[in-house]
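Everything below concerns the one structure shown next.
Being a predicted model, the structure only gives us computed values, none of them experimental.
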Amino acid sequence: MTIRRIALDISSLDFMAVGGQIRYATDLIRGLTREDRFDLLVVGSTPEPLEAIRDLVEDPAVPCRYVQFLRSTFPGGSYLDLMRLGALLNRENIALFHALHTLIPIRARCVVVATAYDAMYELFDEYAEARCSRPYRMHIWLMRMLATRVICISEATATDVAAYWKLDPRRLDVVYPGVDQRRNSDVQPGDRTLDFPYILSPFNLEPRKNLPVLLEAFSKIRPHHRDLRLVLFGKAAATGDRERDFEKLIERLALRDSVIRTGVVPEEALAGLYAGATIFVFPSLYEGFGYPVLEAMSAGTCVLARPVSAMAEVIGDAGAYADVTDSGALASELESLLRDGARRARLGTTARERARSFSVEKMTQDTARIYDETLRSS
């Protein structure tokens, strides 16, 4: 059997401690080390590999090496980086390069596969400056010109990048991310790490995450459920201005004693937080995939989200939906779920069953199949 040398680039991602994209990348790398026909080279920006994959690199029995690629800091250096990366891949005799974020090499002798996560820069005015930036437009052009295959993490993403980035749909493959089903194997729906009933949601202040509407909806149902709390986990996109606006909204809605922010929760504790929630609400307006939705489903929690974008693909008929742009509509659906425990339990059971079809193993196998097909046709 021929062993093919594969390089995966995380040099634009490995500054992140948490997040869907770095989770996808590290889960994929771990999964690919179990595919005995590949020899992996991980390209990162730090002197040592991320902790999530460090054991792989340090184990001589695992076919996985790590190399640091320092990005240029001077004006125009990003273009030089594309050629420097190509030279690195040629020296390493790489057969296939997988661009896991924004770096697509120039003058590399290998074939290129890229992952597209979403087209949010094209859809929201808040990203207008980034959308018009030269590095962003260059990345899309290079993906169009040099990537043999583009892996999209949902059908919604595939539709969007075909429309906005003008990518040939015949070169697009949908491979859903997955979760490690063992993470939730020891928790059951209703297992509580907190001693009060709570609605759970991520704490992310990016405007498209739409957290203010959830706060407004929660304030409408709070008078009828005095013991209920809104628990927000994590901490993302929290600029000074956004946090000040968030605090003002908390005060205006009189939710100071009803909203709990946990900060970043260790992975081993997050499953219990999901499982103990009465309802998991994901008020986001748009997602390329939405890991928290799948994680909540995997824990057997009743999920409520917007019936569009990738959320609808992941949830299917295993969750509840509401117009999350309307606090009244969101509050009405929350109230309905809170008053119908049997429906919540039924949706939670269905969600857990559906989540099993989104596994890291399947993600890895589908990606490896795309590698094989790309290498055969090169």
Could you list the residues that satisfy side-chain hydrogen bond (donor to acceptor under 3.5 Å, both in side chains) with [X], not counting sequence neighbours?
X	value
Asp372	Arg37
Lys220	none
Ser332	none

For the residue pair [Y] / [X], report whether a side-chain donor-acceptor contact shorter than 3.5 Å exists.
X	Y	result
Arg208	Tyr127	yes
Gln21	Tyr117	no
Asp9	Ser11	yes

Sidechain N-carboxylate O distance under 4.0 Å for [X], [Y]:
X	Y	result
Arg252	Glu216	yes
Arg242	Glu206	no
Glu122	Lys166	no
Arg306	Glu287	no
Glu92	Arg5	yes
Asp55	Arg30	yes

Rounded distance [0.5 Å steps], CZ in Phe69 versus OG in Ser45: 10.5 Å
Aromatic ring pairing Tyr371/Phe38, orientation class (parallel under 30°, perpendicular over 60°, tilted between): perpendicular
